[in-house]
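Report on one structure; see the data block that follows.
For reference, positions follow the sequence shown, starting with 1.
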Amino acid sequence: MAVLKYEQIADSLRARIADGEFGADDLLPSQRDLCAQWGVSRATVIKAYDTLMADGLVAARQGQGFRVTQLPLARPAGGRKAGTARTEGGRAFDIVGVPTRAVPPEHIAVALGLLGGDVTALRRDRLVRLADGAPLSFVQAWFPLEIADHCPRLEQTAQIAEGTTRYVTRMTGRAPVRGVDTKTVRLATQDEAQLLKCKRPFAVAVVLHTAYDQDNRVVVVEHGVTSGDLWEERESYPMGNGH
């Protein structure tokens with residue numbers, strides 16, 4: 001599938017931000033400069049910047065142009081339907097601990113398609129926060145080693161401003177095209193209670209999210225835990241003719 005011009009411009013800016021050419025709050029190239037550089041119309045450049053704003057990567061400043069956001073966004077696990085932007089449900093987050101290669105729990109190994117033995121995957125944890133800084137959701141992201149081996153930044157403790165999905169796609173060419181979310185409710189473990197700053201016993205909503213690429217290979221498995229009093233799901237859908 002051909003990559004549209006505005007997508008090429010957006011991808012180029014993502015790469016320049018990821019490579020450190022532009023840091024938090026830095027001013028990005030003007031629309032006029034990008035029009036000249038890429039030989040495109042202003043509308044095309046605006047669409048590229050709209051794409052980056054939907055990712056939460058840049059913000060428009062009145063009278064100044066576009067700047068790199070100071071706080072990268074992340075979402076709780078699941079709900080990554082087509083057409084949803086990272087800014088929908090995206091919040092400030094912290095990386096918890098140091099990403100590590102480890103043998104995943106059985107339910108994660110099954111979701112990853114790892115068969116038997118001490119087969120490892122890369123685990124990267126994040127704590128998504130509410131606007132006041134309080135914990136909202138603890139997410140473990142597990143990446144197959146064939147992804148991790150091509151994406152060295154996944155093993156670093158720094159936040160990835162463009163988001164892990166965009167980063168993995170840029171580095172491997174493997175984009176998520178299908179997701180499966182399994183949702184359950186149970187009591188929190190001691191470690192989860194400590195991270196979410198809640199007193200046990202209390203209920204948590206658990207989402208197991210598996211993302212597959214165009215060849216039906218697993219890109220990532222996320223295990224998200226959210227305190228039951230903060231978890232809510234709302235869905236609007238058509239209903240048929242009174243039947």
Side-chain angles (χ1 to χ4, degrees), residues 2-96 124 126-137 139 141 151 153-154 156-171 175-176 224 226 230-236:
V3 179
L4 299 177
K5 207 71 174 182
Y6 80 89
E7 294 174 319
Q8 295 179 37
I9 297 170
D11 286 343
S12 173
L13 290 171
R14 281 194 196 95
R16 294 170 73 180
I17 293 169
D19 292 341
E21 182 179 346
F22 301 105
D25 206 38
D26 280 354
L27 187 65
L28 291 163
S30 69
Q31 295 176 26
R32 178 180 298 178
D33 287 346
L34 289 176
C35 287
Q37 176 186 344
W38 290 85
V40 296
S41 68
R42 183 168 175 268
T44 299
V45 171
I46 290 174
K47 194 167 185 180
Y49 271 127
D50 284 345
T51 300
L52 297 177
M53 286 195 293
D55 286 344
L57 188 57
V58 307
R61 298 287 180 85
Q62 185 67 33
Q64 297 182 22
F66 295 88
R67 291 184 180 272
V68 181
T69 53
Q70 293 184 324
L71 293 175
L73 301 178
R75 290 184 283 182
R80 312 299 176 84
K81 295 180 181 179
T84 60
R86 189 151 54 118
T87 49
E88 297 179 39
R91 299 177 182 271
F93 70 102
D94 299 320
I95 300 299
V96 179
R124 182 180 173 90
R126 67 180 182 270
L127 186 65
V128 183
R129 296 188 177 276
L130 295 167
D132 63 2
L136 170 64
S137 186
V139 183
C151 301
R153 295 186 66 206
L154 292 177
Q156 300 174 7
T157 56
Q159 296 174 336
I160 299 175
E162 64 185 303
T164 56
T165 298
R166 291 286 191 183
Y167 172 62
V168 167
T169 300
R170 185 165 60 83
M171 298 298 290
T226 305
L230 296 175
W231 189 82
E232 178 182 77
E233 179 175 288
R234 181 178 182 182
E235 187 171 1
S236 177

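Applying the salt bridge (Lys or Arg N to Asp or Glu O under 4.0 Å) criterion to Arg61, with sequence neighbours excluded, gives Asp25.
Taking all atoms of both residues into account, the shortest heavy-atom contact from Gly23 to Val68 is O-CB, 3.2 Å. Between Leu230 and Pro135, the shortest heavy-atom contact is CD1-O, 3.7 Å. The two residues Thr44 and Tyr6 make their nearest non-hydrogen contact at O-CB, 3.5 Å. In terms of heavy atoms, Ala161 sits closest to Ile17 at CB-CG2, 4.5 Å. Listed here is the closest heavy atom pair of Pro76 and Leu136: CG-CD2, 4.2 Å.
Salt bridge Asp11/Arg170: absent, no basic N to carboxylate O contact under 4.0 Å.
A 6.0 Å sphere centred on CD of Glu232 holds no more than 12 heavy atoms belonging to other residues, nucleotides or ligands.
A donor-acceptor contact shorter than 3.5 Å is absent between the side chain of Tyr167 and the backbone of Ile160. Judged by distance alone, the side chain of Arg124 and the main-chain N or O of Leu154 form a donor-acceptor pair under 3.5 Å. For the pair Thr169 (side chain) and Thr165 (backbone), a donor-acceptor distance under 3.5 Å is present. Looking at Thr69, its side chain does come within 3.5 Å of a backbone N or O of Leu57 through a donor-acceptor pair. Between the side chain of Gln31 and the backbone N or O of Tyr49 there is no donor-acceptor pair closer than 3.5 Å.
Counting heavy atoms from C-beta on, the side chains of Ile95 and Gln159 come closer than 4.5 Å. Between Trp38 and Ser12 there is a side-chain heavy-atom pair separated by less than 4.5 Å. For the pair Leu13/Pro29, a side-chain contact is recorded, criterion being any heavy-atom separation below 4.5 Å from C-beta on.
Residue pairs meeting the salt bridge (charged side-chain N to carboxylate O under 4.0 Å, His left out) criterion with at least one partner in residues 27-52, sequence neighbours excluded, do not occur; the list is empty.
The distance from atom CZ of Arg14 to atom CD of Glu7, rounded to the nearest 0.5 Å, is 8.5 Å. The structure places CD of Gln8 at 5.0 Å from NZ of Lys5, a figure rounded to the nearest 0.5 Å.
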Could you walk me through whether Leu27 and Arg67 pass side chain to side chain contact (heavy atoms under 4.5 Å, CB included), step by step? CA-CA 4 Å; Leu27 187 65; Arg67 291 184 180 272; 3.8 Å; yes

Go through the steps for Asp94 and Arg129 under the test side chain to side chain contact (heavy atoms under 4.5 Å, CB included), then give the verdict. CA-CA 8 Å; Asp94 299 320; Arg129 296 188 177 276; 2.5 Å; yes

